[in-house]
Amino acid sequence: MVSSLISRQLALSLHKNLWLSAPARCRYVSKAAAKTQADFDYDGPSMKTSVPGPRSQELTKQLGEMQNVGAVNFFCNYEESRGNYLVDVDGNRMLDLYTQISSIPIGYNHPALLKLMANPNNLSTFVNRPALGILPPENFPDRLAESLLSVAPSGMTRVQTMACGSCSNENAFKSMFIWYKNKERGHSTPSNEDLSTCMINQVPGCPDLSILSFMGSFHGRTMGCLATTHSKAIHKLDIPSFDWPIAPFPRLQYPLEEFSRENAQEESRCLEEVEDLIVKWRQKGKPVAGIVVEPIQAEGGDNHASPDFFRSLRKITRKHGCAFHVDEVQTGGGTTGKFWAHEHWGLEDPADIVSFSKKLLTGGYFQRDELQANEPYRIFNTWMGDPSKNLFLSEVLNVIRRENLLEEVTRSGKALLNGLYELQAQYPGILSRARGQGTFCAVDISWAHHQNSICKTYHSKCVILGGCGERSIRFRPALIFKEYHAQIFLNIFSDVLAQLK
Ligand SMILES: Cc1ncc(COP(=O)(O)O)c(C=O)c1O
């Protein structure tokens, strides 16, 4: 497998070259970027065993007696992990470019977050987890205002917190359906027939509405979300689903400058298909209530589309009366160089719903006023989020602002992407389609053409990477990833490629 090959080579490279602790010997760039990281970060990777090491293997066996451990890479020592480095239970310290599936905003054990934990005034927020929908704490409105609402996407003043990404999308879909039905009825009062039929899963109470999604998308693994997830069969196999329309997502050719005409044609083709599907599903009696789309299809292979594509998509939703849901679960929180990836589009007419989780620490979604259900308990669950996560998020946002992390992301993302461009020029038989926005970057590995499935994690012994799509490596470092971290990675990667050539 390419993944394990790369892992092994990365490890060999590290074992043979203990230069990582001596940045002056970098060979990818003539000069390593100066280190200015706050001193809670480590200097570089450091390996003691192969990965998974003996202790990890022991624990995997132990856990395997309790649950499926097929996806476990290794066990971690979170006490010792710091900044951009994840330490495992065998004492290996790895540069983390995957950050727990893109969910660590400012690195491990950030001092600002540890300080929050040590503040006795915050104790009750950590100890008592309320049922927020019925018994919120006194400071909850203020907490929301200083955390989530301070980064609300344009056009949105309302936010609903949830626990995870899937749960956020699942409830966002419900909001779109409720909104659509109210629009159709002209009011929000259901008929007696609506009320009785919904209890037995029949129309009109459970209407035949649909959500349009894109091939290659990932919106979660719960039942409703899964009907809009089309990245890998393993997620969907054996689970009943809805007959909802699936449009093609543009497959852009790289380098973009060379294929602008072809890419524009490809995007037009996909947009035409979207409109056709909306019309077809209306004729089938399953009108499209909303369209859900990721700004960059992540799990499905880091597939990008142009701002033009998304602006046109927004216009199509308006034309056909569907809601426009932008799933920023993976792209949100600054990783593209803007806090929300969809800010890159320059939308004149903002989205109706923007969902989030991961780097935001809490799940949830922003919505336009008209999308909010009027009645209580229609969008509801026991916890509806967790106020302690809002507390952390406020501090994360302070750090992002204080340390200008969005600018850092733009800088380090440029260094990473330029490095990938250079390596792909050097190794055209191995690497292709380097692409990215901020540090949200990816590159394809061509051997994968000969592999059936390499959609698994590319973690290695000194650098932790993730895979996506059929043959891509995705980079998802924390926002504190600096240019010199990019150089450390590129040096290692360059060595690996040289050995594989
Ligand atoms: C774009 C997107 N939406 C939704 C989800 C689901 O989030 P969760 O795994 O928290 O349920 C993910 C998870 O990777 C995602 O990337």
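As the structure lists them, so they are numbered: ligands from 1, and atoms in each ligand from 1.
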Any side-chain donor near an acceptor of the partner, Gln100 and Tyr108, under 3.5 Å: yes
pair Ser394-Glu146: side-chain heavy atoms closer than 4.5 Å: yes
Nearest-option assignment for atom 11 (O) of ligand 1, heavy atoms, candidates Cys468, Ala298, Ser166: Ser166
Proximity winner for atom 4 (C) of ligand 1, if only heavy atoms of His219, Glu170, Met162 are counted: His219
Distance-only N or O hit between ligand 1 and Asp327, under 3.5 Å: yes
Residues Glu299 and His235: side-chain donor-acceptor under 3.5 angstrom: yes
Sub-4.0 Å atoms of ligand 1 with respect to non-hydrogen atoms of Phe218: 1 (C), 2 (C), 3 (N), 5 (C), 6 (C), 12 (C), 13 (C), 14 (O), 15 (C)
Pair His230, Ser213: side-chain N/O donor-acceptor within cut-off below 3.5 Å: yes
Identity and distance of the protein heavy atom lying nearest atom 14 (O) of ligand 1: Lys358 NZ, 3.0 Å
Gly300, Ser357, Gly165: member with heavy atom nearest to atom 10 (O) of ligand 1: Gly165
Centroid separation His325 to Tyr365 less than 6.0 Å: no
Candidate list Arg476, Arg435, Arg433, Arg474, test salt bridge (Lys or Arg N to Asp or Glu O under 4.0 Å), partner Asp302, passing option: Arg476
Donor-acceptor side-chain pairing of Asn77 and Asp88 below 3.5 angstrom: no
Structural part of Asn169 in contact with ligand 1, heavy atom criterion under 4.0 angstrom: side chain
Atom 16 (O) of ligand 1 [closest protein heavy-atom partner, distance rounded to 0.1 Å]: Gln330 NE2, 2.8 Å
Ligand 1 N/O within reach of Cys164 N/O, cut-off under 3.5 Å: no
Distance-only N or O hit between ligand 1 and Arg221, under 3.5 Å: no
Any Glu299 heavy atom less than 4.0 Å to ligand 1: no
Proximity of Glu294 to ligand 1 by residue part, where a heavy atom lies under 4.0 Å: side chain
With Ser124 via side chain to side chain donor-acceptor pair (under 3.5 Å) - residues at least two apart: none
